[in-house]
Amino acid sequence: MPYRICKTIDIENGHMLSKHPDKCQFPHGHTRKVEFVLEANELDQNDMVCDFKIVKEAVESYLDTLDHAMCMNTDDPAYTEFKNRYGDRVIGFQSQDPTTEVIAKTIYDIFEQKLNDYAVKPEKRYPLSSGVRILKVRVWETATSWAEYRK
């Protein structure tokens, strides 16, 4: 059985779900916990799957764009007004409602790319074994509700 680690990072994030028939169509926010679960069959030279700092370094800048931001479907009639008023604090999701499922996949895809970029960095402070795999990204919307994405 492989070794697994999990790193969680909390962000404050709002969204509007224009396709939702109830209250979620209105602007509202969540304290989201984002979990990154990685695994490897063997530990690295430091007896780790990978250092937790690699995870933080890889995704910190992207998660900062989501923190205290409003995620919106670009097809929402209010999107242009919000974007003009709040600029980079409005994150557009191309013709998709930014549900927690969609956000989880987006974070997974970005994390995968950033981890690949880190792996080929010529000078890196922490080792990253080629055997490290992303198992899943789980995004908590509330204390009792989450969505996750895995390949």
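It should be emphasised that the depicted structure is a prediction, and the values quoted were computed from it without experimental measurement. In this chain, residues are counted from 1 in sequence order.
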Establish whether [X] and [Y] are linked, either directly or via other cluster members, by ILVMFWY side-chain heavy-atom contacts under 4.5 Å.
X	Y	value
Phe52	Leu135	no
Val55	Tyr149	yes
Leu66	Tyr108	yes
Val59	Ile134	yes
Ile11	Ile103	yes

Check the surroundings of atom [atom1] in [X]: do more than 12 heavy atoms from other residues, nucleotides or ligands lie under 6.0 Å from it?
X	atom1	result
Tyr79	OH	yes
Tyr126	OH	yes
Glu42	CD	no

Nearest-0.5 Å distance that lies between atom [atom1] in [X] and atom [atom2] in [Y]:
X	Y	atom1	atom2	result
Leu43	Met48	CG	CE	9.5 Å
Met70	His28	CE	NE2	8.0 Å
Phe36	Leu63	CZ	CG	5.0 Å
Leu38	Arg4	CG	CZ	11.0 Å
Tyr62	Asp109	OH	CG	9.5 Å
Phe26	Met16	CZ	CE	8.5 Å

Q. Between Glu57 and Lys124, is there a salt bridge with N-O shorter than 4.0 Å?
A.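 A salt bridge is absent here (no side-chain N lies under 4.0 Å from a carboxylate O).
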Q | Residues Glu112, Lys151: salt bridge by 4.0 Å N-O rule | A | yes
Q: Quickly, which of Lys121, Lys114, Gln113 forms a side-chain hydrogen bond (donor to acceptor under 3.5 Å, both in side chains) with Asp117? Name it, please.
A: Gln113
Q: Would you mind telling me which of Arg32, Arg138, Glu148, Lys105 makes a side-chain hydrogen bond (donor to acceptor under 3.5 Å, both in side chains) with Thr100?
A: Arg32
Taking [X] for its side chain and [Y] for its backbone only, find out whether a donor-acceptor pair lies under 3.5 Å.
X	Y	result
Asp97	Lys19	yes
His15	Asn13	no
Thr8	Glu35	no
Asp76	Ala78	yes
Asp67	Glu12	yes

(Q) So which atom in Ala147 and which in Ala104 form the shortest heavy-atom distance, rounded to 0.1 Å? (A) O-CB, 4.0 Å
Q) Looking only at heavy atoms, what is the nearest atom pair of Pro127 and Asn46, with distance? A) CG-ND2, 3.5 Å
Q: Evaluate the side-chain contact (heavy atoms from CB on, under 4.5 Å) criterion for residues Leu115 and Leu128: first the C-alpha distance (whole Å), next the side-chain angles of each, then the deciding distance (0.1 Å), finally the verdict.
A: CA-CA 9 Å; Leu115 202 59; Leu128 181 61; 4.0 Å; yes
Q: Decide side-chain contact (heavy atoms from CB on, under 4.5 Å) for Asn84 and Val90; before the verdict, give the C-alpha distance in whole Å, the side-chain angles of both, and the deciding distance to 0.1 Å.
A: CA-CA 9 Å; Asn84 288 339; Val90 174; over 6 Å; no
Q: May I ask you to test the Val34-Val137 pair for a side-chain heavy-atom distance under 4.5 Å?
A: yes
(Q) Could you walk me through whether Val49 and Glu39 satisfy the side-chain contact (heavy atoms from CB on, under 4.5 Å) test, starting with their C-alpha distance in whole Å, then the side-chain angles of each, then the deciding distance to 0.1 Å, before giving a yes or no? (A) CA-CA 6 Å; Val49 169; Glu39 67 179 11; 5.7 Å; no
Q: Show your working on side-chain contact (heavy atoms from CB on, under 4.5 Å) between Cys50 and Ile5 and close with a plain yes or no.
A: CA-CA 8 Å; Cys50 77; Ile5 63 167; 3.9 Å; yes
